[in-house]
Protein chains: 2
Amino acid sequence: MPQRRPAVTRISDAVAADLEARILEGSLKPGDRLPAERELSVELGVSRPSLREAIQKLVSRGMLTTRHGGGTFVTDRLEAPFVDPWQQMLDGHPTLQADLLEFRHMLEGQAAFLAAERATDADIKRLDAAFESLGKFYDDEDFDHCIDADVAFHQAIAEAAHNVLIGHVTASLLRVIHGHISRNLEHLYARPQRWSKLQAQHHAVWKAIREHKPDEAAKAARAHIEFVMQSMADTAKEEARRHIARRRLGEAAS
Amino acid sequence: MPQRRPAVTRISDAVAADLEARILEGSLKPGDRLPAERELSVELGVSRPSLREAIQKLVSRGMLTTRHGGGTFVTDRLEAPFVDPWQQMLDGHPTLQADLLEFRHMLEGQAAFLAAERATDADIKRLDAAFESLGKFYDDEDFDHCIDADVAFHQAIAEAAHNVLIGHVTASLLRVIHGHISRNLEHLYARPQRWSKLQAQHHAVWKAIREHKPDEAAKAARAHIEFVMQSMADTAKEEARRHIARRRLGEAAS
DNA sequence: GAGGTCAAGTGGTAAGACCAATCGTGCCGG
DNA sequence: CCGGCACGATTGGTCTTACCACTTGACCTC
């Protein structure tokens with residue numbers, strides 16, 4: 001048996017598992033405050049550093065939150081049991097956003113090119129369906145499904161490229177950014193004129209692929225990503241402005 | 001105020017973000033061993049417990065693994081999501097080879113382009129070393145190390161592109177195909193004239209990156225892959241011919 | 001030369017102390 | 001009597017020190 005991991009005698013892991021069990025079992029409900037660290041450490045029969053390491057693990061998993069001087073609390077949203085490391089990194093390191101878009105610029109451009117060359121009738125059919133539902137969900141203001149449809153549209157293009165690697169890597173990337181988009185959707189979907197531009201770009205890619213014009217498809221797909229890049233940059237600038245303004249107000253008030 | 005989290009001065013978080021950044025940036029590669037905790041703590045200017053809490057966070061996210069008495073290592077899990085699905089496919093279905101080369105045609109072309117734009121002196125240095133050892137190992141007819149050097153050369157280009165995703169995906173691909181190359185190396189390395197062409201192509205990419213000429217670098221990198229594609233196709237044809245010939249002999253004998 | 005043994009180095013755990021943020025309480029002034 | 005303010009108890013955050021358990025590799029013995 002290659003996977004021999006039962007005998008790991010790491011206290012912090014055992015404590016973390018214990019606390020996790022208490023939360024899942026229900027004896028620690030969301031919003032509850034844990035006993036003080038000093039108190040809890042003697043109750044569990046471990047030292048405070050060990051207990052702290054266990055707590056930090058659960059904090060990094062989003063199950064607990066600590067407030068300096070306040071206490072340690074169970075997070076009220078335990079709907080996020082699993083977090084993708086890539087996704088967490090995206091939140092923590094905004095520079096990754098640029099790398100990601102740059103990568104998509106290459107990947108989706110090539111995918112659109114190949115899709116225009118190789119798409120079969122079945123591929124076109126799926127593309128049509130994805131494009132149609134994309135517009136419908138937006139009209140219904142059902143933004144959750146709208147994002148799903150957006151992802152499905154891009155995935156349909158990737159699969160129409162008939163390259164296994166492009167398909168899988170695109171799927172991986174889209175899965176990673178799906179959650180990210182969900183939280184930042186107001187940046188892209190809030191203003192109607194932005195949406196109409198996005199949809200126009202989607203339409204351009206879709207049309208070029210349908211008409212089997214590889215160069216146009218690639219160009220349109222890249223233009224789409226470039227627009228998103230520009231949008232993100234503008235949003236970041238605007239946020240920076242607001243942030244500075246807020247800080248100035250704070251200074252004036254003090 | 002919904003998102004008030006700017007003033008949280010938690011050292012363990014800062015240290016965790018620092019280590020995370022090092023991993024993403026590439027200065028800590030998957031499989032690498034971190035410095036000892038006592039050593040790293042003084043280097044970062046924090047106490048050992050704080051460093052340990054940070055490490056535990058990353059461990060709980062699967063980015064690091066610790067071995068009691070051994071050390072702390074960077075997990076290769078980051079690349080796993082990209083590799084897992086098609087890791088085993090490649091060996092069984094040689095048709096994927098075409099997809100793979102097509103993907104590399106895009107990926108390494110873009111990597112060379114960005115590398116020519118962004119390579120620092122340190123990147124150039126690594127590139128020089130890889131290129132040099134590539135020639136040396138071939139002269140020594142040490143083909144195993146020759147492949148390693150080849151992989152290292154392409155990886156150095158990918159890292160010089162200064163894009164986290166390009167770096168990781170390239171690493172994944174190269175790792176996957178490493179074994180594949182080993183078995184098929186005679187197709188590419190056997191005949192001296194083929195080798196000299198390959199090395200000339202490597203030299204072209206290397207030179208274009210050194211001289212910071214993005215378009216030339218991308219073109220050279222793509223030409224390299226196209227040559228490999230052509231080589232593989234020729235080899236496949238030749239093998240098919242031989243296979244048919246052998247079958248004819250078999251039929252004649254029966 | 002092959003084997004085992006031991007020491008150095010590593011992560012794992014513990015205890016105690018102090019700092020900083022929070023929050024409740026009680027005092028004081030209105 | 002009520003409200004605001006300051007103080008202190010409580011709590012998480014950090015550091016220091018020390019010791020234990022495991023791994024590794026070099027040295028020594030056979």
Side-chain angles (χ1 to χ4, degrees), chain A residues 2-20 22-23 28 30-76 250 253-254, chain B residues 1 3-20 22-23 28 30-75:
Chain A
Q3 293 290 348
R4 291 292 299 162
R5 286 293 155 196
V8 280
T9 58
R10 210 158 11 184
I11 288 193
S12 61
D13 278 346
V15 172
D18 185 0
L19 294 177
E20 199 176 328
R22 292 195 193 190
I23 294 174
L28 284 177
D32 276 4
R33 187 179 125 174
L34 271 68
E37 291 184 356
R38 293 164 178 79
E39 189 181 334
L40 193 55
S41 66
V42 302
E43 178 187 331
L44 295 174
V46 302
S47 72
R48 198 168 153 228
S50 298
L51 172 63
R52 278 186 59 79
E53 284 184 8
I55 290 178
Q56 292 304 322
K57 282 184 189 232
L58 297 183
V59 167
S60 81
R61 299 224 292 258
M63 303 184 68
L64 296 177
T65 56
T66 61
R67 285 214 307 268
H68 190 166
T72 304
F73 300 84
V74 179
T75 310
D76 39 3
S254 65
Chain B
M1 208 70 93
Q3 290 291 349
R4 289 300 295 163
R5 287 293 154 196
V8 279
T9 57
R10 212 159 7 181
I11 288 191
S12 62
D13 279 345
V15 171
D18 185 2
L19 293 177
E20 201 175 278
R22 291 195 192 193
I23 295 174
L28 284 178
D32 275 5
R33 185 177 129 178
L34 271 68
E37 292 185 354
R38 295 164 178 79
E39 188 182 334
L40 193 55
S41 64
V42 303
E43 178 187 330
L44 296 174
V46 302
S47 71
R48 197 167 153 231
S50 298
L51 172 63
R52 278 186 59 80
E53 284 184 7
I55 290 178
Q56 292 306 321
K57 285 189 187 214
L58 296 183
V59 167
S60 80
R61 291 189 211 169
M63 301 181 64
L64 296 177
T65 55
T66 61
R67 286 214 306 267
H68 192 163
T72 304
F73 300 84
V74 179
T75 312

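This structure is a prediction, so every number in the text was calculated from the model and none was measured. By convention in this document, chain letters (A, B, ...) are assigned in the order of the sequence lines, proteins followed by strands, and residues within each chain are numbered from 1.
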A:L64 CG to D:dT11 P, straight-line distance once rounded to whole Å: 17 Å
Smallest separation among heavy atoms of B:V15 and B:A54, with atom names: CG1-CB, 3.6 Å
Carboxylate-amine/guanidinium contact A:E43 A:R22, below 4.0 Å: yes
A:A36, nearest nucleotide to its side chain (from D:dT24, D:dT14, D:dT11): D:dT11
Atom pair distance, as rounded to whole Å: CG in A:L40 and P in D:dG13: 14 Å
Atom of A:G70, atom of A:R33 and distance for their closest heavy-atom approach: O-NH1, 3.4 Å
Test log, rule side chain to side chain contact (heavy atoms under 4.5 Å, CB included), inputs B:V74 and B:M63: CA-CA 6 Å; B:V74 179; B:M63 301 181 64; over 6 Å; no
Whole angstrom value for the distance that separates P of D:dG13 from CD of A:Q56: 6 Å
Heavy-atom donor-acceptor pair, B:S50 side chain to B:V46 backbone, under 3.5 Å: no
Segment of DNA chain C, first to last nucleotide, that comes within the 4.0 Å heavy-atom reach of chain B: C:dG9 to C:dT13
Euclidean distance, atom CZ of residue A:R67 to atom C1' of D:dT11 [Å, nearest integer]: 11 Å
Any A:T72 side-chain nitrogen or oxygen under 4.0 Å from OP1 or OP2 of D:dT11: no
Intermediate values then yes/no, side chain to side chain contact (heavy atoms under 4.5 Å, CB included), B:V59 and B:T75: CA-CA 9 Å; B:V59 167; B:T75 312; over 6 Å; no
Polar contact flag, side-chain donor to acceptor under 3.5 angstrom, A:T66-B:R10: yes
Residues A:T72, A:T65; criterion side chain to side chain contact (heavy atoms under 4.5 Å, CB included); working and verdict: CA-CA 6 Å; A:T72 304; A:T65 56; over 6 Å; no
Minimum heavy-atom distance A:L51-A:E37, with the two atoms named: CD2-O, 3.3 Å
Under-4.0 Å salt bridge between B:E20 and B:R61: yes
Heavy-atom pair of closest approach, residues A:R38 and A:S41: O-OG, 2.7 Å
Strand DNA chain D in bracket notation, Watson-Crick/G-U under 3.5 Å with | for pairs to another chain: ||||||||||||||||||||||||||||||
Between protein and nucleotides 16-22 of chain D, what N or O pairs are separated by less than 3.5 Å?
from: D:dA21; atom 1: N3; to: B:H68; atom 2: NE2; distance (Å): 3.0

